[in-house]
Amino acid sequence: MATLTIARAYQYAYHTYPNYTLAVTGGTLNALGDIVAQISQNILVKDHEPRPGWDPARTLRFFCLGSGMSPLLGRWNLFLERRFPLRAWRIQPISFRALSKRVAADQLIMAPIGLVMFIGSMGVMECRSPRQIHQKYTDIFAPALLTNWKVWPIAQMINFRYMPLPYRIPFQSTCGVFWTLYLSMLNAKEDERQDREAAL
């Protein structure tokens with residue numbers, strides 16, 4: 001019953017204030033992904049290494065990233081919905097070809113753009129120098145994009161096929177908790193490497 005109430009409240013908020021709703025939902029789920037990442041990193045620390053603890057500034061950065069990206073992703077999903085309709089008429093079956101085009105467009109256009117925005121905005125929010133941000137692009141972009149292409153096509157196929165438009169960003173953000181876990185850990189390793197180099 002509570003789930004139904006939450007779903008109705010979300011749907012009302014989405015139809016009344018779509019960008020604010022997507023921003024809060026995306027930011028919250030991104031922050032949750034970073035919290036899971038930090039807990040995992042603390043659990044995986046070897047006994048002789050110090051535990052870094054929780055970094056609220058890092059979680060806030062992920063919240064800001066999710067809040068900024070989610071309205072953009074909402075508009076992107078709306079564009080895909082209009083550009084590649086899955087059915088010409090309600091009685092027709094779903095077009096696998098149109099579904100494949102949606103996923104391909106998402107992976108070939110939005111995935112690289114999203115990673116560029118992630119790396120750049122994290123670098124700026126972490127007060128990195130332009131040289132350090134460029135180095136992040138060099139070190140992180142290609143491996144993250146290749147991993148993205150291994151993981152996200154199936155998730156987006158399910159998302160575009162079964163999720164109604166208002167629920168695509170929350171579905172994507174929920175799946176994205178694990179993606180944020182990966183990106184957060186990748187970004188943290190790069191930050192540690194850059195901090196070690198800066199200390200020398």
Side-chain angles (χ1 to χ4, degrees), residues 17-42 44-45 50-79 105-152 155-156 168-170 172-200:
Y17 306 105
N19 289 330
Y20 294 123
T21 303
L22 291 175
V24 170
T25 304
T28 301
L29 290 169
N30 240 22
L32 175 65
D34 180 65
I35 291 168
V36 170
Q38 289 192 52
I39 290 170
S40 299
Q41 287 170 321
N42 280 317
L44 297 175
V45 168
R51 295 194 187 281
W54 177 57
D55 180 1
R58 179 175 140 179
T59 302
L60 181 61
R61 288 191 295 269
F62 273 88
F63 177 84
C64 291
L65 177 74
S67 294
M69 287 282 297
S70 292
L72 172 68
L73 292 173
R75 292 192 182 269
W76 172 249
N77 279 320
L78 187 59
F79 166 77
D106 186 67
Q107 293 304 298
L108 296 174
I109 297 169
M110 188 49 75
I113 290 171
L115 281 173
V116 165
M117 291 174 73
F118 168 77
I119 294 168
S121 62
M122 282 297 168
V124 169
M125 287 188 284
E126 292 166 350
C127 300
R128 299 288 173 184
S129 71
R131 186 185 64 68
Q132 288 175 316
I133 294 171
H134 180 269
Q135 189 62 45
K136 271 190 178 219
Y137 280 114
T138 303
D139 294 343
I140 294 176
F141 183 79
L145 188 60
L146 291 174
T147 303
N148 178 88
W149 287 340
K150 292 175 188 173
V151 173
W152 278 104
Q156 289 297 67
R168 286 193 190 145
I169 298 301
Q172 192 173 339
S173 295
T174 302
C175 294
V177 166
F178 300 103
W179 181 245
T180 300
L181 170 68
Y182 167 74
L183 288 178
S184 181
M185 293 174 100
L186 189 67
N187 190 57
K189 284 180 187 174
E190 180 63 17
D191 287 346
E192 287 173 15
R193 190 191 65 73
Q194 285 186 357
D195 290 344
R196 278 194 309 271
E197 284 180 5
L200 296 176

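Keep in mind that what you see is a predicted model, and the values were worked out from it rather than measured. Here, residue 1 is the first one in the sequence, and each next residue gets the next number.
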Does Phe118 have any ring pair (Phe, Tyr, Trp, His ring centres under 6.0 Å) partners at least two apart in sequence or in another chain, and if so, which?
->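 Phe118 satisfies ring pair (Phe, Tyr, Trp, His ring centres under 6.0 Å) with Phe62 once adjacent residues are dropped.
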Who are the ring pair (Phe, Tyr, Trp, His ring centres under 6.0 Å) partners of Phe79, not counting sequence neighbours?
->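 Expected list: Trp76.
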Thr28/Val24 under side chain to side chain contact (heavy atoms under 4.5 Å, CB included): CA gap, chis, key distance, verdict = CA-CA 6 Å; Thr28 301; Val24 170; 4.1 Å; yes
Return all side-chain donor-acceptor pairs below 3.5 angstrom for residues 63-75, not counting sequence neighbours, or 'none' if the list is empty.
from, atom 1, to, atom 2, distance (Å)
Ser67, OG, Ala23, O, 3.2
Ser67, OG, Phe63, O, 3.0
Ser70, OG, Gly66, O, 2.8

Could you go step by step and tell me if Arg131 and His134 meet the side chain to side chain contact (heavy atoms under 4.5 Å, CB included) rule?
-> CA-CA 5 Å; Arg131 186 185 64 68; His134 180 269; 5.7 Å; no
Donor-acceptor contact present, side-chain Asn42 to main-chain Gln38, <3.5 Å |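 It does hold such a pair.
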Quick check: does any side chain N or O of Gln156 sit under 3.5 Å from a backbone N or O of Asp106, one acting as donor and the other as acceptor?
->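 Side chain of Gln156 to backbone of Asp106: no pair is present.
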Working to the nearest 0.5 Å, report the span between CZ of Arg58 and CE of Met122.
->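 Reported value, rounded in 0.5 Å steps: 9.0 Å.
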Could you state the interatomic distance from OH (Tyr20) to OG1 (Thr25), rounded to the nearest 0.5 Å?
->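 Here the interatomic distance stands at 14.5 Å.
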Take Gln135 and Arg193 through the side chain to side chain contact (heavy atoms under 4.5 Å, CB included) test and state the conclusion after the steps.
-> CA-CA 11 Å; Gln135 189 62 45; Arg193 190 191 65 73; 3.2 Å; yes
Evaluate the criterion side chain to side chain contact (heavy atoms under 4.5 Å, CB included) for residue pair Glu126 and Gln194; output intermediate values, then yes/no.
-> CA-CA 12 Å; Glu126 292 166 350; Gln194 285 186 357; over 6 Å; no
With sequence neighbours excluded, tell me which residues meet side-chain hydrogen bond (donor to acceptor under 3.5 Å, both in side chains) with Asp55.
->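 Asp55: no side-chain hydrogen bond (donor to acceptor under 3.5 Å, both in side chains) contacts found.
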Sequence neighbours excluded, which residues qualify as side chain to side chain contact (heavy atoms under 4.5 Å, CB included) partners of Ile133?
->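 Per chain and number, Ile133 pairs via side chain to side chain contact (heavy atoms under 4.5 Å, CB included) with Val124, Arg128, Tyr137.
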What residues, two or more places apart in sequence or in another chain, satisfy side chain to side chain contact (heavy atoms under 4.5 Å, CB included) together with Ile35?
->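 Partners of Ile35 under the side chain to side chain contact (heavy atoms under 4.5 Å, CB included) test: Ile39, Trp54, Thr59.
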Can you see which heavy atom on Ala111 is nearest to which on Trp149, and at what distance?
->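 The pair with the smallest heavy-atom distance is CB-NE1, 4.3 Å.
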